[in-house]
Amino acid sequence: MPQINFKRVPTSERDPKERARNFEEVNLGYTAEQAIEEAKRCLQCKNRPCVAGCPVEVYIPEFIKLISEGDFKGAIAKNKEKNNLPGICGRVCPQESQCEAKCTLGVKGDPVSIGKLERFVADQEIKDGVKAPEAPVKNGLKVAVVGAGPSSLTCAADLARMGYEVTIFEALHKPGGVLSYGIPPFRLPRNIIETEVNYVKNLGVQIKMDVLIGKSTTIKELFDGGYKAVFIGSGAGLPSFLNIPGENSNGVFSANEYLTRVNLMKAYKFPNFDTPVWLGKRVAVVGCGNVAMDSVRTALRLGAEKAMIVYRRTSNEMTARVEEYHHAQEEGVEFNWLTNPLEILADEKGRVTGMKCVKMRLCEPDASGRCRPEPIPGSEFTVELDTVIIALGTSPNPLIAQTTPELKTAKHGNLIVDDKYQTTMPGVFGGGDAVTGSATVIQAMGAGKIAARSIDEYIKAK
Amino acid sequence: MFTILEKRDLADKICEYVFEAPLVAKKARPGQFVILRLDEEGERIPITLADTDPKTGRIKIVVQAIGTTTNRLHCFEKGGAIADIIGPLGTPTHLDGFKKAVCVGGGVGIACIHPIAKELKAMGVQVTSIIGSRCKDLVFFEDEMRAASHELIVTTDDGSYGRKGLVTGPLAELLQGADKADVVFSVGPVIMMREVAKATKPYEVKTYVSLNPIMVDGTGMCGACRVSVGGVTKFGCVDGPDFDGHQVDFDLLMKRLAMFKEMEQQSLGLWQKEGCKCHK
Ligand SMILES: Cc1cc2nc3c(=O)[nH]c(=O)nc-3n(C[C@H](O)[C@H](O)[C@H](O)COP(=O)(O)OP(=O)(O)OC[C@H]3O[C@@H](n4cnc5c(N)ncnc54)[C@H](O)[C@@H]3O)c2cc1C
Ligand SMILES: Cc1cc2nc3c(=O)[nH]c(=O)nc-3n(C[C@H](O)[C@H](O)[C@H](O)COP(=O)(O)OP(=O)(O)OC[C@H]3O[C@@H](n4cnc5c(N)ncnc54)[C@H](O)[C@@H]3O)c2cc1C
Ligand code: SF4
Ligand code: FES
């Protein structure tokens with residue numbers, strides 16, 4: 001029996017001071033030697049607990065074994081049998097609460113660094129030149145997919161593999177959904193998204209940009225046009241605001257707007273790119289999830305002298321990944337816990353000058369077990385600011401449901417689906433954030449995968 | 001890519017473009033707009049559909065050069081192509097249930113009021129249109145607007161053509177008497193729309209204005225286009241662009257339109273220095 005190694009091989013990261021001023025990727029990933037060393041830690045458990053923690057059931061021990069043997073080509077091929085977007089997942093998935101949380105080694109030490117290993121094989125393949133997949137034999141049946149986010153890309157790729165002629169319709173001018181407009185390049189470099197989207201295209205999937213379903217054309221018209229089934233992966237793009245006075249002042253942005261300007265429109269390269277972005281010196285981001293972390297770290301990179309999180313609960317309740325929270329701390333982000341905004345203040349030109357807040361305290365857990373924050377009377381104070389970014393979460397865009405009366409939605413506009421991901425309209429399936437509200441990349445991909453199987457069953461049964 | 005099939009100079013810095021965009025042409029209703037992007041470096045900007053033909057799949061837009069994107073577009077010639085056109089976006093103008101309408105267009109807004117007047121006339125509504133420009137050289141679409149209306153009044157601020165003064169002059173006259181108009185549609189500079197709304201208020205004539213907030217995606221995803229109507233925040237790109245002129249917070253709209261002024265000037269300055277790289 002080889003010695004069990006409980007310590008994880010660390011990856012190197014760019015220096016926090018230097019990286020907080022540019023958009024280069026923060027984590028540098030493994031070298032080949034490091035990857036092999038880390039892969040050798042895997043116990044190759046027979047019961048494969050890690051796989052049960054993965055929403056797309058990646059062959060985890062199998063691909064890790066191939067890495068440990070130095071067979072990187074074999075490893076990426078094995079990984080891609082289940083996951084079409086490994087370079088993306090390896091970077092953005094919350095492995096610490098999924099596969100790695102279930103890893104046997106985690107009981108006594110560090111779980112295997114499954115995410116970093118997945119990223120390694122994907123990057124290695126890009127270095128070696130990605131092999132285009134063999135285009136599957138077409139069966140002549142057309143399926144339409146709405147949106148080009150991870151849910152749709154997964155569904156489309158799986159359907160293409162089964163032989164379907166798949167067309168994706170995307171409203172924006174670039175595919176990727178949140179991956180392209182939301183997650184910044186310092187966490188997910190753009191060439192990774194491009195490579196993985198190209199992989200899907202090479203399976204024969206067509207992507208049509210600049211088509212807004214519900215406006216440019218409708219679900220019903222897609223069926224009239226010969227599509228046998230439709231998958232809706234339109235995400236949860238509608239931003240929430242605080243609904244407090246002063247929120248329409250110049251310098252107040254939804255995280256979606258702020259991040260879209262920077263990531264999709266490349267405003268960080270202004271004026272070489274035409275789209276501007278507000279360059280705040282004192283920036284507050286309201287909320288404490290991944291979106292808030294991305295926004296506040298982006299603000300630093302755009303030159304903020306002070307970048308802070310304002311959150312009405314504490315670090316125990318925040319929804320951001322621990323890794324992102326640590327990165328933000330290292331880069332100098334200030335955290336204001338138990339603080340709730342009351343009003344945004346502005347000058348006569350309508351530009352933000354500050355924010356009035358109140359301190360909160362967590363009361364005793366209620367029947368549901370959650371501590372509700374409540375304001376502490378008399379604790380109001382004002383913080384001087386020139387920028388406020390609202391990162392309070394998003395809900396599904398109502399556009400498609402509004403223009404397709406057959407589609408029933410639940411509270412917050414989430415599409416109602418059955419256990420096969422079929423919506424209330426026959427032949428129309430849905431998955432990802434459009435169904436769950438904002439969740440994760442891998443959950444969206446998992447839904448896309450199951451929906452692809454259901455669509456196949458549905459069409460075959462007709 | 002979207003190819004420019006026709007290009008025509010209409011007035012100083014105002015050009016008309018015809019593109020082939022079948023999906024947009026098939027679905028477009030008066031009051032809707034597109035978002036376009038010139039190329040990889042380009043910004044997404046909203047432009048109203050001035051005319052559409054579902055049969056040929058063609059759309060027409062009229063653009064006034066004021067900043068980087070609009071000036072850059074004017075460097076494109078017939079046969080050139082731009083990266084993206086998406087639409088039709090926005091909620092179509094509410095046209096049902098009126099007998100007598102006044103359509104007021106100012107500046108480049110004349111192109112935007114055109115499909116509204118045209119459709120109203122086709123629906124059997126009595127249409128009087130007022131189009132206003134700063135001076136004679138900026139008047140355009142006179143023939144198009146005459147054809148789309150039963151009566152057309154042209155005004156120029158300096159009196160170099162048509163009636164001297166602002167559009168609100170003739171408008172006030174049309175709001176009086178027993179057979180006064182029952183609705184006013186207005187598209188143009190924010191100040192003009194504010195004045196139109198002020199002029200119609202005492203007569204309690206329903207007044208629609210078409211707001212032009214800064215937009216990014218145009219699909220309801222970012223909230224850049226926030227406007228305040230009757231004290232409630234709305235998204236201009238999906239809830240509008242048309243709103244009840246008597247409820248709009250025009251002051252807020254003007255402030256928000258100036259949000260990126262300095263950067264826009266920097267960008268335009270750079271473009272002017274580098275000159276026009278012609279796209280054929
Ligand atoms: C800033 C940010 C950071 C995040 N970080 C992480 C992270 O680190 N890890 C993680 O796992 N998750 C993260 N998430 C969440 C994750 O990105 C989403 O859960 C995931 O992208 C959802 O995928 P989707 O395919 O359902 O939808 P989206 O990715 O939202 O894609 C939907 C696509 O559909 C298009 N669309 C919408 N309506 C229409 C229409 N009517 N017609 C045509 N196209 C339409 C949209 O333009 C979009 O491109 C983050 C989210 C954000 C916003
Ligand atoms: C619904 C709608 C319909 C419009 N229709 C027309 C039309 O038919 N013809 C026409 O010539 N113009 C139209 N506009 C205005 C046009 O979008 C702006 O003139 C254009 O965006 C200016 O871009 P620029 O880069 O040339 O100038 P910039 O120098 O970037 O901006 C000049 C000014 O235009 C406004 N503006 C800037 N960026 C945007 C943006 N992304 N979205 C909206 N406004 C912006 C700001 O007030 C800014 O100060 C419309 C605007 C809206 C919202
Ligand atoms: S649970 Fe951990 S140790 Fe076991 S097979 Fe999976 S990755 Fe390897
Ligand atoms: S332009 Fe983004 S929501 Fe209206």
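For the numbers below, each heavy atom of this structure counts, side chains included, while hydrogens, waters and symmetry mates do not. Letters A, B, ... mirror the listed sequences (proteins, then strands); counts begin at 1.
Of the two parts of Glu221(A), only the side chain, counted from C-beta on, holds a non-hydrogen atom closer than 4.5 Å to a non-hydrogen atom of chain B. Looking at Val24(B), there are no atoms closer than 4.5 Å to chain A (heavy atoms on both sides), in backbone or side chain. Of the two parts of Leu38(B), neither the backbone nor the side chain holds a non-hydrogen atom closer than 4.5 Å to a non-hydrogen atom of chain A. Using a 4.5 Å cut-off between heavy atoms, Lys349(A) touches chain B through its backbone atoms (N, CA, C, O) alone. For Val252(A), the parts sitting under 4.5 Å from any heavy atom of chain B are the backbone and the side chain alike. Contact of Lys269(A) with chain B is not made at all, since no heavy-atom distance falls under 4.5 Å. The part of Asn397(A) that comes within reach of chain B is its side chain, from C-beta onward, which places non-hydrogen atoms under 4.5 angstrom from that chain. When heavy atoms are compared at a cutoff of 4.5 Å, Ser249(A) approaches chain B solely by way of its backbone atoms N, CA, C and O. With a 4.5 angstrom heavy-atom cutoff, Arg226(B) touches chain A only via side-chain atoms. Only the side chain of Ile214(B) comes within less than 4.5 Å of a heavy atom of chain A; its backbone N, CA, C and O stay farther away. Neither the backbone nor the side chain of Tyr258(A) comes within less than 4.5 Å of any heavy atom in chain B.
By the 6.0 Å and 45° rule, Lys142(A) stacks over the aromatic ring of Tyr227(A).
Side-chain atoms of His173(A) never come within 3.5 Å of backbone atoms of Asp84(B) as a donor-acceptor pair (strictly under, hydrogens ignored). With hydrogens and angles ignored, the 3.5 Å screen pairs no side-chain donor or acceptor of Tyr181(A) with any backbone N or O of Val262(A). Between the side chain of Asn71(B) and the backbone N or O of Gly67(B), at least one donor-acceptor pair lies under 3.5 Å. Asp386(A) places no side-chain N or O within 3.5 Å of a backbone atom of Gly280(A) that could act as its donor or acceptor partner.
Note: Thr219(B) leads Thr68(B), Leu270(B), Thr69(B), Thr219(B) in heavy-atom pairs under 4.5 Å with chain A. Listed options Pro276(A), Gly235(A), Ser254(A), Gly214(A) were ranked by heavy-atom pairs under 4.5 angstrom with chain B; first place goes to Pro276(A). Considering only heavy-atom pairs separated by less than 4.5 Å from chain A, the leading option among Ala83(B), Ala258(B), Gly90(B), Ala21(B) is Gly90(B). No other option in Gln266(B), Met263(B), Lys27(B), Glu264(B) has as many heavy-atom pairs under 4.5 Å with chain A as Met263(B). Between chain B and the residues Leu279(A), Val211(A), Thr275(A), the most heavy-atom pairs under 4.5 angstrom are made by Thr275(A). In terms of heavy-atom pairs under 4.5 Å with chain A, the best-connected choice from Lys26(B), Glu262(B), Met254(B), Glu40(B) is Glu40(B). Ranked by heavy-atom pairs shorter than 4.5 Å toward chain B, the options Leu399(A), Val277(A), Asn243(A) are led by Val277(A). If you tally non-hydrogen atom pairs under 4.5 Å between each of Glu247(A), Arg261(A), Met209(A) and chain B, the highest count goes to Arg261(A).
Asp217(B) pairs in a side chain to side chain contact (heavy atoms under 4.5 Å, CB included) with only one of the listed residues (Leu172(A), Thr260(A), Asn256(A)), which is Leu172(A).
Ionic pairing of Lys7(B) and Glu16(B) is not present here: no N-O contact between side-chain nitrogen and carboxylate oxygen is shorter than 4.0 angstrom. Using a cut-off of 4.0 Å between Lys/Arg side-chain N and Asp/Glu carboxylate O, Glu194(A) and Arg190(A) are scored as not salt-bridged.
When all heavy atoms of Trp278(A) and Arg351(A) are compared, the closest pair comes out as CH2-CG, 4.1 Å.
Using cut-offs of 30° and 60° on the angle between ring planes, the pair His94(B) and Tyr208(B) is tilted.
The aromatic ring centres of Tyr268(A) and Phe23(A) sit less than 6.0 Å apart.
For the pair Thr233(B)/Phe241(A), no side-chain contact is recorded, criterion being any heavy-atom separation below 4.5 Å from C-beta on.
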